[in-house]
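Below, chains carry the letters A, B, ... as their sequence lines are ordered, and counting in each starts from 1.
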Amino acid sequence: MSVSKDLVIDMINQYWSQMKSRNQYSVSGTVTLATAGQVAMSNTSTDFFKMGDASGSFVFTGDFSISASDTLTSIYFKVVGGYNNYFQYEYQITGSYSLSPGSYVVVARVDYVIQSVTVTTP
Amino acid sequence: MAVSFTVAKDPYITFLDRLINGSTYSLGRIYQGASVTLAFTDGTTAQLTQVSAQFSSNTLMIQGILNLTAQKTVQSLTATVTIRYQYYQYGGGAYTDISASGTIDGIGRTLSAGIYLVRLRIVLTPTSASVYL
């Protein structure tokens, strides 16, 4: 069976547009470094992009600085929004990457697709 | 530069979960409604009754009752979910309805006359994570 238009992606896209239009959300994020530990990111932001009828992507950005060489082991983003922080969601992305001293801008993108659609009757 | 990372903690679209199943929240309550229409190969259509929708983890589940009075072959299924986001603003409350619909084609299932419980299950998962530094 093929899906001509997906419900979930469409709802996320519409809802996110509503949230952004009212600026009813906030984003925070940290990176974890092997030596320095957790470092909060500045200038964090997020957005959702509808990539297709059954696929979409969350994108997060933020920046941080380190004064000594270190290894990046995880990136964590948290988004809260809506009236009285009605919803929240969070992503943690792990890996390992060596960094030299300096300032970095992080752009993290998570792609979603419809894995399956099943229609069942008894 | 792009760095290959993995998603260790899937967010499971928590906000959508709360949006759809939000009736348990006392603030910013959400009205939920859903409809499902089946189209048959003979050109007729039928709507499911007692339709409900739930989002849990990364799965959207819609179900309803189909009452068939004659044997039919299902050609497609169209589902629509409407959610009402209530919010507060100066001078009173307000709300926004968000409606999304989708169609599945080529089902081709023949059903005898009778009463059926039809479930539509949609699974959404993260497929990749990319990090750019």
Side-chain angles (χ1 to χ4, degrees), chain A residues 1-19 22 24 53-56 58 61 72 74-77 79-84 86-97 99 104-122, chain B residues 3-20 22 25 27-28 55 58 60 62 66 74 76-77 79-81 83 85-88 96 98-109 111 116-133:
Chain A
M1 292 180 290
S2 61
V3 184
S4 60
K5 187 180 179 185
D6 176 62
L7 290 168
V8 182
I9 292 290
D10 217 41
M11 278 193 289
I12 294 173
N13 192 44
Q14 290 183 53
Y15 186 64
W16 195 241
S17 296
Q18 303 272 354
M19 287 290 101
R22 299 194 187 96
Q24 290 179 318
D53 282 337
S55 63
F58 282 100
T61 60
L72 176 64
S74 74
I75 299 165
Y76 170 80
F77 282 101
V79 182
V80 297
Y83 180 76
N84 201 31
Y86 177 67
F87 73 83
Q88 65 179 46
Y89 61 98
E90 48 197 335
Y91 285 80
Q92 185 169 323
I93 303 170
T94 58
S96 181
Y97 193 73
L99 298 174
Y104 292 88
V105 175
V106 178
V107 180
R109 169 181 162 177
V110 180
D111 296 328
Y112 274 89
V113 298
I114 294 303
Q115 183 190 49
S116 65
V117 179
T118 308
V119 179
T120 56
T121 58
Chain B
V3 186
S4 179
F5 275 63
T6 57
V7 180
K9 184 177 182 180
D10 190 329
Y12 294 138
I13 328 253
T14 308
F15 75 93
L16 189 61
D17 187 7
R18 294 189 180 189
L19 190 65
I20 293 176
Y25 292 79
L27 294 174
F55 197 93
N58 60 341
L60 176 65
I62 304 171
L66 172 66
V74 181
S76 66
L77 180 151
T80 300
V81 176
I83 48 182
Y85 172 54
Q86 293 180 319
Y87 58 96
Y88 298 87
T96 299
I98 298 171
S99 183
S101 64
T103 300
I104 301 171
D105 297 314
I107 296 177
R109 170 85 181 269
L111 302 174
Y116 296 86
L117 172 66
V118 178
R119 284 200 176 103
L120 172 62
R121 182 171 176 265
I122 301 171
V123 179
L124 184 74
T125 58
T127 55
S128 66
S130 304
V131 176
Y132 304 89
L133 292 170

Would you call the rings of A/Trp16 and A/Tyr89 parallel, tilted or perpendicular, taking 30° and 60° as the class edges?
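Correct class here is perpendicular.
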Measure [X] against the heavy atoms of chain B and call it side chain, backbone, both or neither at under 4.5 Å.
{"X": "A/Val113", "value": "both"}
{"X": "A/Leu7", "value": "both"}
{"X": "A/Gln14", "value": "both"}

If you tally heavy-atom pairs under 4.5 Å against chain B, which of A/Asp10, A/Asp53, A/Thr61 wins?
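Ranked by contacts with chain B, first place is A/Asp10.
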Contact between [X] and [Y] at the side-chain level, heavy atoms closer than 4.5 Å - yes or no?
{"X": "A/Gln115", "Y": "B/Leu124", "value": "no"}
{"X": "B/Leu77", "Y": "B/Val118", "value": "yes"}
{"X": "A/Val79", "Y": "A/Glu90", "value": "no"}

Region of [X] that comes under 4.5 Å of a non-hydrogen atom in chain A:
{"X": "B/Ser76", "value": "neither"}
{"X": "B/Leu60", "value": "side chain"}
{"X": "B/Leu66", "value": "neither"}

What are the two closest heavy atoms between B/Ile62 and B/Ala79, and how far apart are they?
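Closest approach of B/Ile62 to B/Ala79: CD1-CB, 4.0 Å.
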Could I get the full list of side chain to side chain contact (heavy atoms under 4.5 Å, CB included) partners for B/Ser128, not counting sequence neighbours?
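Partners of B/Ser128 by the side chain to side chain contact (heavy atoms under 4.5 Å, CB included) criterion, ordered by chain and then number, come out as A/Asp111.
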